[in-house]
Protein chains: 2
Amino acid sequence: MTKHVKGAEALPLNQIIAGDCIDVMNSLPAASVDLIFADPPYNLQLKGDLHRPDNSRVDAVDDHWDQFSSFRAYDEFTAAWLKAARRLLKPNGAIWVIGSYHNIFRVGAALQNEGFWILNDVVWRKSNPMPNFRGKRLTNAHETMIWAGKSEDSKYTFNYEALKALNEGIQMRSDWVLPICNGHERLKDSKGDKAHPTQKPESLLHRVLVGSTNPGDVVLDPFFGTGTTGAVAKMLGREFIGIEREESYRTVAAARIAKVRKFDREALSVSVSKRSEPRVPFGQLVERGMLRPGEELFSMNQRHKAKVRADGTLIGDDVKGSIHQVGAALEGAPSCNGWTYWCFKRDGKTVPIDVLRQQIRAEMREQ
Amino acid sequence: MTKHVKGAEALPLNQIIAGDCIDVMNSLPAASVDLIFADPPYNLQLKGDLHRPDNSRVDAVDDHWDQFSSFRAYDEFTAAWLKAARRLLKPNGAIWVIGSYHNIFRVGAALQNEGFWILNDVVWRKSNPMPNFRGKRLTNAHETMIWAGKSEDSKYTFNYEALKALNEGIQMRSDWVLPICNGHERLKDSKGDKAHPTQKPESLLHRVLVGSTNPGDVVLDPFFGTGTTGAVAKMLGREFIGIEREESYRTVAAARIAKVRKFDREALSVSVSKRSEPRVPFGQLVERGMLRPGEELFSMNQRHKAKVRADGTLIGDDVKGSIHQVGAALEGAPSCNGWTYWCFKRDGKTVPIDVLRQQIRAEMREQ
DNA sequence: CGTAGAACTGAATCCAGGG
DNA sequence: ACCCTGGATTCAGTTCTAC
């Protein structure tokens, strides 16, 4: 299918175009696209191998397309594809770009330099990220998306009520908790290996497209990969244009999209987290000043006491550890629920620490 | 209090220094600070706040002022204070910078350009953000912090076990859910208005300082504001240096910090990693007769065995070497922790050799 | 057939210290 | 500076295998 726009050039809709995205974008008619979703190379700069504690090797992103000789080279690449992308956007068009700390700051600055107007940065909080195996940094548990209008005065599309509905009637926030793409959704090649190292979950694109496009809008993805953007666009009744350099990815994407039915909501069902109470680490009571480091806690039976430390552990006579561990040790029990075991004193009264946890949970429910 | 460092220049500790942060930082001795926490301004309307690297002021009524020159001026300001900050850091020092989508991408790119090495970007997920009243965008529910080492090979401080303890035994992630600063913690001026527009919560600084400094470390905050960094540093037994241009903020901060009490020493101790335990050569177990030369060791999975030699090496089928080397070779693994891999037999029971190491370490602690 | 437990996996800038 | 070696280090899943 092609679509004719003012200027008589044809727009190749619902196709995957082979080639370098900058060249291809430059060959398409200007001001013809409503939304761009881009998942560019992150320039991860990985060095050696990484092993899990069980000695298995992590299958890293070592593909040639992620290699850049320097930040400067990456910046030039970024400016070039953003320029081409901006030309394609209608005046009221918008763009989403996803990245990690390796590249997102350079991408964000480049967006601003090119005249895009940032509307929000959105954090994808992964419910099941890969841990930091060596314990040398924080678990890298999120990626960042930037949502920007073509210019400061673009009348961008924002379906406020639709997103609010997706969020159980509460205004959608800038942090989205979604699982990574695995299980059956993760596309495999003929050998059973993952077809693409960085396939994005459809739930993420669902939220992006519901929130910032209308049915019939044209969505372009210059780094199409295995076509998550195209698959979700088709389900949601949006038109897509994919650009992808690697033949193997194009093949997988084409087969995938062919199987998609419009309004195929089944594929989007995000595993709903159990409706259980949120976990509140004891350390949070300390960080938030509800209990002071050095303060004494007393056991329910008044037989034992222990001091709170700055890291949210307790120290008693010859025992250190979590509220549960210290409670268990002092009672000589195999286990102990520290939340119901320990109390603190306020104004002469003895108060169970669980009261403070309830307080935090109540706050969390409010918004 | 001042502290004298190599080079005979005095470091003004636990003081709030009046002045422009770039000038003040340039007047302090190089390589003298362990950590910098910075919450730089990012209101682009306050053009008078911006300084070029040559210290000339950006003219707010400049006719040529547009979006582009505004970004350029902000970039120059950012590069200038980051350069000054980097000079102050010890080789193994690190920096935290907090910002929002208005400025954080420019700050992140500048950090990388100046040679800092990003360790994590951390999302502060606000549990009670201000809603988006007009319903034109997503609720801006987070801010971004960047944690970076002075250089790629900095041996930065990371108290992994302490943060894990704060999170009740689960590795700390890059997204931190903490409430915004309000209630009693929020400082008010004499008229009852908030004393500072963007006062950060102490819980945020608690986590930053527990995780990336040790007691006694010097923490500098070039945009001190009402002194959250100083207040938490004092509580946690860290030394602080604050720089603030506005007298009203300095006054509020000084009064605030004077009221803070340091936690006692025991409360400041945190959970430590096994890595900090003294090293015990396996040969010592043999020398001390805890294991006899010729004795057989068995792998944890019971699949392999090897004999102890008099020099503290093992000999198995076709392999000789350290407990680690033989374990790795037998398992075909890239590496192996021999201490947890090998067991010996005593009175019919299988005992991990690590028990003997712990015995030696306990003896070492006694004296 | 169902269930329990083992195996596997994910955009990762993932070691420190002695010779 | 490099080279070598000891030895510390994981969370939330999904899929596979054994019984």
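Below, all heavy atoms of this structure are taken into account, side chains as well, without hydrogens, waters or symmetry copies.
- Not a single donor-acceptor contact under 3.5 angstrom links the side-chain atoms of A/Ser56 to the base of C/dA7.
- Nucleotides D/dT9 and C/dC8, compared at atom P, are 24 Å apart to the nearest Å.
- Centre separation under 5.5 Å together with a plane angle under 30° holds for the ring of B/Trp117 and the six-membered base ring of C/dT13, marking them as stacked.
- If you check every strand for non-hydrogen atoms under 4.0 Å, A/Pro201 touches nothing.
- In this structure, B/Asn120 places its CG atom 17 Å from P of C/dA11, rounding to the nearest Å.
- Within the 4.0 angstrom heavy-atom criterion, only backbone atoms of the sugar-phosphate kind lie near A/Ser127; the bases stay farther away.
- The side chain of A/Asn140 approaches C/dA12 more closely than any other nucleotide in the set C/dA11, C/dA12, D/dG7.
- Contact annotation for A/Thr198: base contact, defined as any heavy-atom pair under 4.0 Å involving a base atom.
- Rounded to a whole Å, the CG atom of B/Asn92 is 13 Å from the C1' atom of C/dC15.
- Rounded to an integer number of Å, the gap from B/Lys274 NZ to D/dA8 P is 5 Å.
- Among the heavy atoms of the strands, none lies under 4.0 Å from A/Lys47.
- Each of B/Val280 and B/Tyr160 was matched to the nucleotide of DNA chain D holding its nearest heavy atom; the match closer to the 5' end belongs to B/Val280.
- Ion pairing between A/Glu246 and A/Arg250 fails under the 4.0 Å rule for side-chain N and carboxylate O.
- Listed candidates were D/dT9, C/dC14, D/dA12. Nearest to the side chain of B/Arg275 is D/dT9.
- The CD-P distance, from B/Glu161 to C/dC14, rounds to 20 Å in whole Å.
- Checking D/dG7, C/dC14, C/dT13 against every side-chain atom of A/His102, the shortest atom distance belongs to C/dT13.
- Because its glycosidic torsion is more than 90° from 0, D/dT9 is reported here as anti.
- Side chains of B/Trp342 and B/Ser299: no donor on one and acceptor on the other come within 3.5 Å.
- As judged by a 4.0 angstrom heavy-atom cut-off over every strand, A/Cys181 is placed among residues making no nucleic acid contact.
- Considering only side-chain N and O atoms, A/Arg57 lies nowhere under 4.0 angstrom from the phosphate OP1 or OP2 of C/dC14.
- A distance of about 15 Å separates the P atoms of C/dG18 and D/dA8, rounded to the whole Å.
- In this structure, CD on A/Gln67 lies 8.0 Å from CG on A/Leu46, to the nearest 0.5 angstrom.
- The CG-P distance, from A/Asn55 to D/dA8, rounds to 14 Å in whole Å.
- Here B/Ser322 does not reach the OP1 or OP2 of D/dT5: none of its side-chain N or O atoms lies under 4.0 Å away.
- Rounding to whole angstrom units, CE of residue B/Met300 and P of C/dA6 are separated by 15 Å.
- Base-pair partner of D/dT10: not found among the strands shown (Watson-Crick or G-U wobble, both distances under 3.5 Å).
- Of the residues near DNA chain D, A/Pro53 and A/His184, the one whose nearest nucleotide (by heavy atom distance) lies more toward the 5' end is A/Pro53.
- Residue A/Arg186 places at least one side-chain N or O under 4.0 Å from the OP1 or OP2 atom of C/dA11.
- Atom NE2 in A/His51 sits roughly 15 Å away from atom P in C/dG10 (whole-Å rounding).
- Across all strands, A/Arg52 comes closer than 4.0 Å to base atoms (heavy-atom distances).
- Each of C/dA16, D/dC11, C/dA12 was ranked by its minimum atom distance to the side chain of B/Lys155; first place goes to C/dA16.
- Separating the P atom of C/dG19 from that of D/dG7 is a span of 14 Å, rounded to the nearest Å.
- Looking only at atom types and distance, the side chain of A/Ser322 has no donor-acceptor partner in the side chain of A/His324 under 3.5 Å away.
- Ranking D/dT10, C/dA11, C/dG10 by closeness to the A/Asp59 side chain, first place goes to C/dG10.
- In this structure, the nucleotide among C/dA11, C/dT13, C/dG10 sitting nearest to the side chain of A/Pro131 is C/dG10.
- Note on B/Lys83 versus B/Glu114: salt bridge recorded, some NZ/NE/NH1/NH2 to OD/OE distance being below 4.0 Å.
- Here, C/dG10 and D/dT10 have their C1' atoms 12 Å apart, quoted to the whole Å.
- For A/Arg134 against D/dT10, a side-chain-to-base donor-acceptor contact under 3.5 Å is absent.
- Residue A/Asn43 is classed as having no contact, given no heavy-atom separation below 4.0 Å to the nucleic acid.
- A salt bridge is defined here as a Lys NZ or Arg NE, NH1 or NH2 lying under 4.0 Å from an Asp or Glu carboxylate O, and A/Asp193 with A/Lys188 fails to meet this definition.
- OP1 or OP2 of D/dG7 sits under 4.0 Å from a side-chain N or O of B/His324.
- Note on B/Asn337: a side-chain N or O is less than 4.0 Å away from OP1 or OP2 of D/dA8.
- As the counterpart of C/dA11, no nucleotide is assigned, since no Watson-Crick or G-U wobble pattern has both distances under 3.5 Å.
- Using a 4.0 Å heavy-atom cutoff across all strands shown, A/Gly48 reaches at least one base atom of the nucleic acid.
- Between A/Glu143 and A/Lys136, the one whose closest nucleotide on DNA chain C sits nearer the 5' end is A/Glu143.
- The gap from the C1' atom of D/dT17 to that of C/dC1 amounts to 15 Å, rounded to the nearest Å.
- B/Arg173 comes within contact range of no nucleotide atom at all, as no heavy-atom separation falls under 4.0 Å.
- Remark: the backbone N or O of A/Asp63 is not paired with any side-chain donor or acceptor of A/Asp66 at under 3.5 angstrom.
- Across all strands, B/Asp354 comes closer than 4.0 Å to no nucleic acid atom at all (heavy-atom distances).
- Looking at heavy-atom distances under 4.0 Å, B/Ile170 makes contact with sugar-phosphate atoms alone, never a base.
- Distance noted for atom C1' between C/dA12 and D/dT5: 24 Å (whole Å).
- Here B/Pro281 lies out of heavy-atom contact (under 4.0 Å) with every strand.
- Under 4.0 Å is where a charged nitrogen must lie from a carboxylate oxygen, and between A/Glu185 and A/Lys200 no such pair does.
- For B/Lys164, whose side chain is taken as the heavy atoms from C-beta onward, the closest listed nucleotide among C/dT9, D/dC11, C/dT13 is D/dC11.
- What separates CG of A/Leu44 from P of C/dA11 is a distance of 11 Å, to the nearest Å.
- Considering A/Asn120, A/Asp175, A/Asp121 in turn, A/Asp121 is the only one that fulfils the side chain to side chain donor-acceptor pair (under 3.5 Å) rule with B/His142.
- Side-chain atoms of A/Asn55 come within 3.5 Å of backbone atoms of B/Ser335 as a donor-acceptor pair (strictly under, hydrogens ignored).
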